[in-house]
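These values consider heavy atoms only, across backbone and side chains, with no hydrogens, waters or symmetry-generated copies. Naming: A, B, ... by sequence-line order, numbering from 1 per chain.
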Amino acid sequence: KAGVTQTPRYLIKTRGQQVTLSCSPISGHRSVSWYQQTPGQGLQFLFEYFSETQRNKGNFPGRFSGRQFSNSRSEMNVSTLELGDSALYLCASSLGGGQQSYEQYFGPGTRLTVT
Amino acid sequence: SQQGEEDPQALSIQEGENATMNCSYKTSINNLQWYRQNSGRGLVHLILIRSNEREKHSGRLRVTLDTSKKSSSLLITASRAADTASYFCATAPNAGNNRKLIWGLGTSLAVNP
């Protein structure tokens, strides 16, 4: 099976712009979670989607949003970018049931740099 | 806030030696998961240990869980250069309706040839 894919892999944006990141889960996986990873804060949970519904949300401002499509592909959007949004954004998919119950498979990430 | 805290933050060993890293957490959990991250393969799931389990093995990996001390350890035996990576523990708290994993900041392991 193909693994989790994320596009684009690298992105450079300027403050105030918006960005959309895409994630395609492993075929048959219905749960998709998004994380932000930075050296100082580690892995921070953004949100989780299951069957097109947001099932869980982390403590991020409303500038961070996401959605999931009927084919389980997911996108996350960050509006009005700030310098502090520079990070590696990771997407993970799992069979279902939620992060706690099932092994998560991670994509390679999108490295976002905000200048 | 971080639930899991890995210890040590960094570890450097020689090939063939064993590596032990620890994870402490604050609240009761359903399970605890260990992940590895390196530049080549990204973040990869290693082992999931449930709260009613005390020890689990996978190849050269051995994970223990002590719920009374709220701690877990990951032992890598006969380490190889390819084990060089960051290792994270992620805990699944069993309180409330929030069913998300809580991640530690990781232990950076360097295995020297």
### Ring centroid separation Y35(A) to W103(B) under 6.0 Å
yes

### Message
Set out, in order, the CA-CA distance, both residues' side-chain angles and the distance that settles side chain to side chain contact (heavy atoms under 4.5 Å, CB included) for L101(B) and L43(A), then state yes or no.
### Response
CA-CA 10 Å; L101(B) 290 174; L43(A) 214 63; over 6 Å; no

### Which atom of Y35(B) lies closest to which atom of Q104(A), heavy atoms considered
OH-N, 3.3 Å

### Message
Looking at R15(A), I'd like to know if its CZ atom is crowded, meaning that more than 12 non-hydrogen atoms belonging to other residues, nucleotides or ligands lie closer than 6.0 Å.
### Response
no

### Message
Under the criterion side chain to side chain contact (heavy atoms under 4.5 Å, CB included), I'd like the reasoning laid out for L88(A) against Q37(B): C-alpha separation, chi angles, the key distance, then a yes or no.
### Response
CA-CA 13 Å; L88(A) 180 67; Q37(B) 184 178 36; 4.2 Å; yes

### Query
Can you tell me if CD on Q17(A) sees more than 12 non-hydrogen neighbours from other groups inside 6.0 Å?
yes

### Message
Surrounding CZ of R80(B) (heavy atoms of other residues, nucleotides or ligands, distance under 6.0 Å), is the total greater than 12?
### Response
no

### Query
Applying the 4.5 Å side-chain criterion to the ILVMFWY set and letting contacts propagate, would I47(B) and L32(B) be lumped into a single cluster?
yes

